[in-house]
Amino acid sequence: MGERAVTRPVAAISPVQQMLASGSGALITSGFVTPLDVVKIRLQAQQTSLCQALSCDSATWGSVIRPSKWKSFLFCKREVDNFFACCNRTKCNKWHRTPTYYSGTVDAFVKIARHEGLKSLWSGLEPTLVMAVPATIIYFTCYDQLRDFMRYSLGFQGSHIPLVAGALARLGAVTVISPLELVRTKMQSRRLSYRELQMCVRSAVAQNGLLSLWRGWGPTVLRDVPFSALYWFNYELIKAQLCEQSRTSQANFPISFTAGALSGAVAATVTLPFDVVKTQRQIQLGETDPLQVPVKKTTSTWNIMKQICADCGYRGLFAGFLPRLIKVAPACAVMISTYELGKNFFQELNLHRNKEDCML
């Protein structure tokens, strides 16, 4: 803790102005990143289904349960659109079929647009907007308020301030928005009508209570809170270094964009395993296994991560890495640069008003 010699800037913006700046940035960013989010969730959901299928200890054929050692799989040209269970090399029964298999990010873009229409790439945009605007407003406003409070009111100085402020702000935003995040994930994991989504949510609430709407809150917190802490820590450091190199006291658009992209890419890579766990838990809401295969369910984040590693290897924890990186890095860059532009606008406006007040 340092001395309380740091004073708040004269042209500091108000919380309402921070809300306006962050809200406008959220609208722009949501429309840009929603297709990337759809692709990321589809790849993660696909890997979940595939790994569960490959890890089943038994399968039901009529009324007879065959041991797993009698089960084999046929792969053709590395495609897994069709699986066949073969017994004693005499008869093969098709036991699982997925409508589309995505071999990568570009392939997912093409196949989703081809089979479901281009509009499906913006699946979940409505709950994304409903979620993103208030979440971003809460998140960015709380971050700036907490950071300024620790700096100017408590007198704390150091690089740990953005880390602490970012983590606390994100924790509050995640808790408030978690039900909307769950609905958005369900809509993006596969094509659902609003009626089907409503029935799914109602069934889950009836079976598991209202708290089921916060399903995935734990891994979401484990993903977003460290992400926010790492993001703001790196962003403030990179921004300060770029400002020093450019010999400017205030970050301009290129500086904010570059710092946001770099810090977002680092944070997204580190926290991706928790994003995979969160997606798995949320897409299972209100669903039953269509194969009626008894699968051992895990509840804790750590157990789910161990199960993913056992079924798919460590690569399973990084499913959807490329679309998440493609999404997060530019999204962070667009969001923070838009937010900084908005704050600069309001700072200049406040400074102009202060000068006019002094002249009176």
(request) Determine the minimum heavy-atom distance between Asn344 and Ala251, stating which atoms define it. (result) ND2-O, 3.6 Å

(message) Using side-chain hydrogen bond (donor to acceptor under 3.5 Å, both in side chains), reason through Gln307 and Asp311 one step at a time and then give a plain yes or no.
(response) CA-CA 6 Å; Gln307 187 65 42; Asp311 294 341; 3.0 Å; yes

(message) I need the Asn303 CG to Ile308 CD1 distance, nearest 0.5 Å.
(response) 11.0 Å

(request) May I ask you to test the Ser337-Glu340 pair for a side-chain heavy-atom distance under 4.5 Å? (result) no

(request) For residues Leu242 and Lys239, determine if any side-chain heavy atom of one lies less than 4.5 Å from a side-chain heavy atom of the other. (result) no

(message) For the OH atom of Tyr235 and the CD1 atom of Ile336, what is their distance to the nearest 0.5 Å?
(response) 4.0 Å

(message) Looking at Ser256 and Phe253, would you say the former's side chain and the latter's main chain have a donor-acceptor pair under 3.5 Å?
(response) no

(request) Using a 4.5 Å cut-off on heavy atoms from C-beta on, say whether the side chain of Val276 contacts that of Phe318. (result) no

(message) Test of understanding: with side chain to side chain contact (heavy atoms under 4.5 Å, CB included), list the residues that count as partners of Cys142, not counting sequence neighbours.
(response) Ile138, Ala169

(message) Tell me if a side-chain donor or acceptor on Thr258 pairs with a main-chain N or O of Ile255 at a distance below 3.5 Å.
(response) no

(message) Please determine whether side chain to side chain contact (heavy atoms under 4.5 Å, CB included) holds for the pair Val39 and Arg324, giving the CA-CA distance in whole Å, both sets of side-chain angles, and the decisive distance to 0.1 Å.
(response) CA-CA 9 Å; Val39 171; Arg324 175 165 167 81; over 6 Å; no

(request) Any chance you could lay out the side chain to side chain contact (heavy atoms under 4.5 Å, CB included) test for Ile28 and Val334, step after step, and finish with the verdict? (result) CA-CA 8 Å; Ile28 297 173; Val334 171; 4.0 Å; yes

(message) As a quick check of understanding, evaluate side chain to side chain contact (heavy atoms under 4.5 Å, CB included) for Arg147 and Glu236, giving each step before the final call.
(response) CA-CA 11 Å; Arg147 182 198 59 192; Glu236 297 290 355; 3.4 Å; yes

(message) Do Leu325 and Val266 sit in one hydrophobic cluster, given that two such residues count as connected whenever their side-chain heavy atoms are within less than 4.5 Å of each other, even indirectly?
(response) no

(message) Any side-chain to backbone donor/acceptor pair from Ser263 onto Gly260? Under 3.5 Å, distance only.
(response) yes

(request) Verify the cluster assignment for Ile161 and Phe149: are they in a single hydrophobic cluster under the rule of side-chain heavy atoms below 4.5 Å apart? (result) yes

(message) Just so I know, are the side chains of Gln18 and Tyr339 near enough to count as touching, which here means a heavy-atom distance under 4.5 Å?
(response) yes

(request) Decide yes or no for Val221 and Leu171: does some side-chain heavy atom of the first lie under 4.5 Å from some side-chain heavy atom of the second? (result) yes

(request) Starting from the C-alpha separation in whole Å, work towards a yes-or-no answer on side chain to side chain contact (heavy atoms under 4.5 Å, CB included) for Phe227 and Val328. (result) CA-CA 11 Å; Phe227 177 94; Val328 171; 3.6 Å; yes

(request) Examine Val38 and Phe109 and state if one hydrophobic cluster contains both, with Ile, Leu, Val, Met, Phe, Trp and Tyr joined whenever side-chain heavy atoms are less than 4.5 Å apart. (result) yes

(message) Using side-chain heavy atoms (C-beta onward) and a distance below 4.5 Å, is Tyr143 in contact with Leu168?
(response) no

(message) Using 0.5 Å steps for rounding, measure from the CG atom of Leu163 to the CG atom of Asn234.
(response) 9.0 Å

(message) Against the six-membered ring of Tyr139, is Arg170 placed for a cation-pi contact (under 6.0 Å from the centre, within 45° of the normal)?
(response) yes

(request) Indicate yes or no for a side-chain donor-acceptor contact from Thr248 to the backbone of Gln250 under 3.5 Å, with no hydrogens or angles considered. (result) yes

(request) Assert yes or no for the condition that the ring centre distance of Trp232 to Phe140 is strictly below 6.0 Å. (result) yes

(message) Please determine whether a side-chain nitrogen of the Lys or Arg among Lys111 and Glu116 lies less than 4.0 Å from a carboxylate oxygen of the Asp or Glu.
(response) no

(request) Measure the shortest side-chain to side-chain distance between Leu20 and Phe346 over non-hydrogen atoms and say whether it is less than 4.5 angstrom. (result) yes

(request) Look only at the side chain of Trp122 and the backbone of Gly31, and say whether a donor-acceptor pair between them is shorter than 3.5 Å. (result) yes

(request) Determine whether Met305 and Pro273 make a side-chain contact, defined as any pair of heavy atoms from C-beta on separated by less than 4.5 Å. (result) yes

(message) Return the CE to OG1 distance between Met19 and Thr141, rounded to the nearest 0.5 Å.
(response) 5.0 Å

(message) Taking Val133's backbone N and O only, do any of them form a donor-acceptor pair with Thr136's side chain (distance below 3.5 Å, no angle check)?
(response) no

(message) Can you tell me how far apart NZ (Lys119) and CD1 (Ile112) are? Round to the nearest 0.5 Å.
(response) 16.0 Å

(message) Checking the side chain of Glu348 only, and the main-chain atoms of Phe345 only, is there a donor and an acceptor separated by less than 3.5 Å?
(response) no

(message) Using a 3.5 Å distance criterion without hydrogens, assess whether the side chain of Ser228 forms a donor-acceptor pair with backbone atoms of Asp224.
(response) no

(message) Any side-chain to backbone donor/acceptor pair from Ser120 onto Gly117? Under 3.5 Å, distance only.
(response) yes

(request) Would you please test Arg151 and Asp148 for salt bridge (charged side-chain N to carboxylate O under 4.0 Å, His left out) and show each step? (result) CA-CA 5 Å; Arg151 282 180 176 175; Asp148 293 345; 5.2 Å; no

(message) In this structure, would Leu230 and Leu222 fall into the same cluster of hydrophobic residues linked by side-chain contacts under 4.5 Å?
(response) no

(request) Treat each ILVMFWY residue as a node, draw an edge where side-chain heavy atoms are under 4.5 Å apart, and state whether Tyr231 and Leu237 are in one component. (result) no

(request) Could you tell me the separation between the CZ atom of Arg114 and the CG atom of Asp107, rounded to the nearest 0.5 Å? (result) 8.0 Å

(message) The criterion is side-chain hydrogen bond (donor to acceptor under 3.5 Å, both in side chains); which residues satisfy it with His160, sequence neighbours excluded?
(response) none

(message) Looking at every heavy atom in both Ala167 and Ala229, which two are closest together, and how far apart are they?
(response) CB-CB, 4.2 Å

(request) List the atom of Leu121, the atom of Ala113, and the distance in Å for their closest heavy-atom pair. (result) CD1-CB, 4.4 Å

